[in-house]
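It should be emphasised that the depicted structure is a prediction, and the values quoted were computed from it without experimental measurement.
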Amino acid sequence: MKTFANSLLELWKQLGLNQRVSLIVAALAVAGGLVGVVLWSQRPDMQLLYGRMSEKDAAAIISHLQAQNIPHQVTAGGTSVMVPSDKVYKLRMDLAGKGLPSGDGVGFEIFDKGQFGLSDFVQRTNYLRAVQGELARTISQLAGVRAARVMIVQPENRLLLTDQGLKSTASVFVDVGGGRLDPDQVNAIRHLVANAVQGLAPDQVAVIDNRGRTLSEELKQDPTLGTASSQLRYRQQLEEGLARKVESMLVTVIGPGNAVVRVSAEIENEATTLQSEKYDPEGQVVRSQTQTDDTTNSSEARAAGGATGVSSNVPEKTQGAESARPVNVSEQTRKNRTTAYEINKTVTNVTRSPGSIKNITAAVFVAPRMVAPPIPPDAPKGTPAPEPQPQKRTQAELDALRQVVINALGIKAAAGQPLDTLVSLQEMPFQVNLTLPAQLEAVQGETRMQGWVAAASRWAAVGGAALVLIIFLRVLSRQKPEPVPVEVLSLTPEAAARSLPNANNVTPELLNELIRQKPANVGVALRDWVSEAAPAPAGKN
């Protein structure tokens, strides 16, 4: 080890000033690169703690992290906070215990604390605030929505309602930045809010973005199709559904991408009500029947005459003619029946809602089928199969395809109307879309470039240190030691005149003297002399 240190020291003494400066600079660059690699490798892996927060929540979370001396990074314009990956879940639990982030509104955590003595109005108000806050948090998680606020209005629950027409309504404000929400997303927001509030219909939910555009106006369901937008949307959905129905059936027969179907539907836009009354004089129906029965019974009897007194009251045997007097009896019976007849009547009420299909026409394009020509019998073995060539279909095949389309759409032609006017089916070659492969290739190239950039960012420090080391070794290999003059410490004037007539004349006596007086310079001097005296390689000047 001591010998190695002495050798390095001797080598350092033999280097010139430029060589020493280059060596020091290269050593410092390599050491700096190694230190940078070590620091980069020891940097903590940062992971997202919370994103898309309000300024109030972000300030509270950053204050908590600073109080705990936890390293963090603020990104996305101050709305996202990054922390070490090993502390993400613990910090989320700690912050949740403190109610952070609170979001744009108060959620159901408002009921976590017991509050006694509150009135029913305050309780209902807190519940409404909690529902609004939870809905706003949920809507904020949708793609393309930065922030959201929900306002719900419910009629007051009174014992005696003065207005039965009051309904619940809601308004949703969404911050989409410079983007725009799809109709499906807006419809999802409407149904999400409507299903979370009792008695709220999706049509009573208004969705407004940060640019002041009403996004839900075109999505309202109009049962009578009274507006032009509702009619156009219904017609578009009907035509697209019928076109997909026919195209999916043709794809299984002629192959995918070989058929294009467009359907045009004429719909009824007016609501009609038809009421008809039909009388049948031949069919009589008993409407009412009244029957009255009146019976009268009367009887009359007269007693035998005589003097008044006792004698007249004493029963005695009298004559038969006098004792049997006739008795008059009268009986009367009367019946009255009244029958009312009604003429048979049929009342028919027919209500036709708009949306019924009046007429359907379709246009279908099919591509010629590709058929590979047969290989000639005299072709040599191993001949590749020829490429398929387009072959047109016969008229009978086209008519069969047209009939399939007609049956699938349920088209019924009027008397004397040819079906060709309702379904137009033509066969022609399709143009190959050359821009799609180019676009796919561009997207794939961009994806590969992003992967390369990510990999390069990971190994940039290591590559930089390696590059510095390679440059240092290359510079060191190109540096040649400066010629070391041969020091002759004690030579007689005669020996010096004889041995050193010029710089290129070295005698054995001079060499022996140099070895004896300065052995450290002999190796360097000999190397310089050999390199200068070596002949150039063949083919080089």
Side-chain angles (χ1 to χ4, degrees), residues 52 54 99 101-113 115 118-177 179-234 236-237 271 351 353-355:
R52 294 189 296 181
S54 61
S102 60
D104 294 335
V106 180
F108 280 104
E109 66 272 4
I110 194 175
F111 297 105
D112 293 342
K113 298 180 181 180
Q115 297 177 355
L118 297 180
S119 63
D120 181 66
F121 174 77
V122 176
Q123 290 287 4
R124 286 188 285 108
T125 303
N126 289 338
Y127 175 76
L128 193 60
R129 290 177 59 196
V131 173
Q132 293 177 165
E134 294 294 338
L135 288 174
R137 294 176 184 178
T138 305
I139 296 173
S140 299
Q141 300 301 319
L142 295 177
V145 179
R146 294 183 178 180
R149 294 195 65 183
V150 180
M151 286 73 72
I152 300 175
V153 178
Q154 286 185 313
E156 187 176 355
N157 187 12
R158 293 182 178 179
L159 183 61
L160 299 177
L161 296 177
T162 58
D163 190 356
Q164 299 290 342
L166 293 178
K167 297 181 180 179
S168 300
T169 58
S171 300
V172 181
F173 174 81
V174 291
D175 183 6
V176 296
R180 188 181 182 92
L181 294 180
D182 296 333
D184 293 339
Q185 293 177 302
V186 178
N187 201 25
I189 293 174
R190 294 171 62 241
H191 284 81
L192 175 67
V193 177
N195 292 321
V197 180
Q198 183 180 4
L200 182 61
D203 289 342
Q204 301 298 327
V205 180
V207 182
I208 305 166
D209 64 357
N210 57 326
R211 293 188 176 182
R213 298 174 296 189
T214 304
L215 306 179
S216 59
E217 186 65 27
E218 298 180 357
L219 299 177
K220 290 185 178 180
Q221 298 294 333
D222 191 355
T224 62
L225 295 178
T227 61
S229 60
S230 300
Q231 296 175 7
L232 182 60
R233 184 171 63 254
Y234 172 73
Q236 183 179 3
Q237 294 175 356
T351 302
S353 300

Heavy-atom pair with the smallest gap, counting every atom of [X] and [Y]:
| X | Y | answer |
| --- | --- | --- |
| A201 | A194 | C-CB, 3.9 Å |
| A148 | V145 | CB-CG1, 4.4 Å |
| V197 | Q154 | CG1-NE2, 3.3 Å |
| A143 | L181 | O-CD2, 4.1 Å |

State the [atom1]-[atom2] distance between [X] and [Y], to the nearest 0.5 angstrom.
| X | Y | atom1 | atom2 | answer |
| --- | --- | --- | --- | --- |
| K167 | D203 | NZ | CG | 9.5 Å |
| R211 | R180 | CZ | CZ | 9.0 Å |
| N126 | R124 | CG | CZ | 11.0 Å |

Notebook entry, point to check: Are any side-chain N or O atoms of Q204 and backbone N or O atoms of S168, one a donor and one an acceptor, separated by less than 3.5 Å?
Noted result: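 Not confirmed, Q204 side chain does not pair with S168 backbone.
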Note to self: Tell me if a side-chain donor or acceptor on N187 pairs with a main-chain N or O of P183 at a distance below 3.5 Å.
What the structure shows: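 Side chain of N187 to backbone of P183, a donor-acceptor pair under 3.5 Å: no, none is there.
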Checklist line | side-chain contact (heavy atoms from CB on, under 4.5 Å) assessment of V172 paired with L135 | finding: CA-CA 9 Å; V172 181; L135 288 174; over 6 Å; no
Notebook entry, point to check: Just one of L215, L142, D184 clears the side-chain contact (heavy atoms from CB on, under 4.5 Å) bar with I189, so which one?
Noted result: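 By the side-chain contact (heavy atoms from CB on, under 4.5 Å) criterion, I189 pairs with just one of L215, L142, D184: L142.
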Margin query: My understanding is that only residues two or more places apart in sequence, or in another chain, count here; which of them pass side-chain contact (heavy atoms from CB on, under 4.5 Å) with S216?
Written below: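 Partners of S216 under the side-chain contact (heavy atoms from CB on, under 4.5 Å) test: V186, R190, A206, V207, T214.
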Note to self: For R213, give me all partners under salt bridge (charged side-chain N to carboxylate O under 4.0 Å, His left out), at least two apart in sequence or on another chain.
What the structure shows: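 Expected list: D209.
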Check: With D175, which residues qualify under side chain to side chain donor-acceptor pair (under 3.5 Å), at least two apart?
Finding: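 Per chain and number, D175 pairs via side chain to side chain donor-acceptor pair (under 3.5 Å) with N210.
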